[in-house]
Amino acid sequence: MASELFEIVEESIEVGDVIKKVERREAGAITTFIGTVREWTQGKQTVYLEYQAYIPMAVKMLSQIGDEVKAQWPDTIIAITHRIGRLDISEIAVVIAVSSPHRKAAYQANEYAIERIKQIVPIWKKEHWTDGETWIGDQLENVPYKAGKPTIKEIEG
Amino acid sequence: MASELFEIVEESIEVGDVIKKVERREAGAITTFIGTVREWTQGKQTVYLEYQAYIPMAVKMLSQIGDEVKAQWPDTIIAITHRIGRLDISEIAVVIAVSSPHRKAAYQANEYAIERIKQIVPIWKKEHWTDGETWIGDQLENVPYKAGKPTIKEIEG
Amino acid sequence: MITVLLFAHLQESVGKDRIQLPIERTTVKELKTELQQTYPLPELDRVMTAVNEEFAKNDRLIKAGDVVAFIPPISGG
Amino acid sequence: MITVLLFAHLQESVGKDRIQLPIERTTVKELKTELQQTYPLPELDRVMTAVNEEFAKNDRLIKAGDVVAFIPPISGG
């Protein structure tokens, strides 16, 4: 069961399935983050996206994020599912669900998780526009690291 | 449509239905908050809850929260559904969904909304325990106002 | 006629969810005092008031036709 | 034998997703230099490296049997 809390999948993600993994009688608050494919980014129209992952390491890093969350917010339970392959506009790329007895921790842990995903989980997206395509990260604006390359400290958390 | 963004309902809430109200092609981030009935609160076991609302005013206040959110995070869309009546353990009492082009606003607006719900939306819960029952708010620990009674400023936002 | 709506424990103390009062003009504060003479509502001093679905202060004027609701500390969410 | 995994634009530059190299011992830095002599991979200087699914620095030793993956700036989420 615990190993299924962190998944990389190729089919579409059901938000409710991810929520179910964290539901429990002692939790009064569940937060979810749903990342979807946005049509417009800085004036450029996306037609579809392609996500690629280094799957075994991605699952391992998601699980590491789970450990980090557990250390900081001991009462929470977190589940993360990230989809790869071709995604059309509005389709769900990632769902993060966190349950907690109290809401503050549920928000904080959830936001922490998405920030960490963008730092340490080996997943890449390729934008397909009407007039071309490119892998995001290197060439474009949304390199997730302040210094253009992550420091070991950012990676080790 | 806009009037349905804020609802008080008597039947169970489908999280997906609330999310659908805020989905759109230009939003890459959706956050949800799901408030469920917790079994244990400070060592006391809840058997079930009963929620009561001053319905027309509650809808109006939810809509006011929507206006406040719009003023502070103009790119967001927010929908809130609160259930009333009898709720058993783990059932959903409230769902808040916020969509936004960027995730930071989606988290902030969502958390703002739940805090405001607990300040200005006229809904009350009655806890039923194995050995008794009581309306929460007056007599108990979780009075939502710092000063025991809200100030007009807290209420007007 | 002024309509007064009661919720939560206020409703249970009085045994009904609304009271109709043949009053032409009053204020929130006067209305609370008046109700306390007839009903077991000591908590009224500690609850908020809404007039026609808007929160109102103690000095707010109330006239015939208005709907006044007493709002005990909220516990929704 | 060392296995090198390539992703995203690195994979497209080289035209395959893995390279097998008959090397017994090396370091991340030496491996990058070696690969750049054979393949069009100028970006290698700017990407992270993982050895056996763990992030590794340039001076990390690599031995036969290890799986080395180059991790371009991440863009998931």
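Sequence lines set the chain letters: A, B, ... in the order given, protein chains first and strands last, and positions in each chain run from 1.
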Query raised in the report: By salt bridge (Lys or Arg N to Asp or Glu O under 4.0 Å), which residues pair with R38(B), not counting sequence neighbours?
Result: none
Query raised in the report: Relative to chain B, which segment of D17(C) carries a heavy atom at a distance below 4.5 Å: side chain, backbone, both, or neither?
Result: neither
Requested in this report: Let me know if I117(B) has heavy atoms under 4.5 Å from chain C in its side chain, its backbone, both or neither.
Outcome: both
**Report entry** Within 6.0 angstrom of Q20(C) CD, more than 12 heavy atoms from elsewhere
**Finding:** yes
Query raised in the report: What part of A53(B) lies closer than 4.5 angstrom to a heavy atom of chain C: side chain, backbone, both or neither?
Result: backbone
Query raised in the report: Of the backbone (N, CA, C, O) and the side chain (C-beta and beyond), which part of Y54(B) lies under 4.5 Å from a heavy atom of chain C, both, or neither?
Result: both
Query raised in the report: Only one of V51(C), D66(C), N58(C), I62(C) clears side chain to side chain contact (heavy atoms under 4.5 Å, CB included) with L31(C); which?
Result: I62(C)
Report summary line: By ring pair (Phe, Tyr, Trp, His ring centres under 6.0 Å), H128(B) pairs with (sequence neighbours left out) Y48(B)
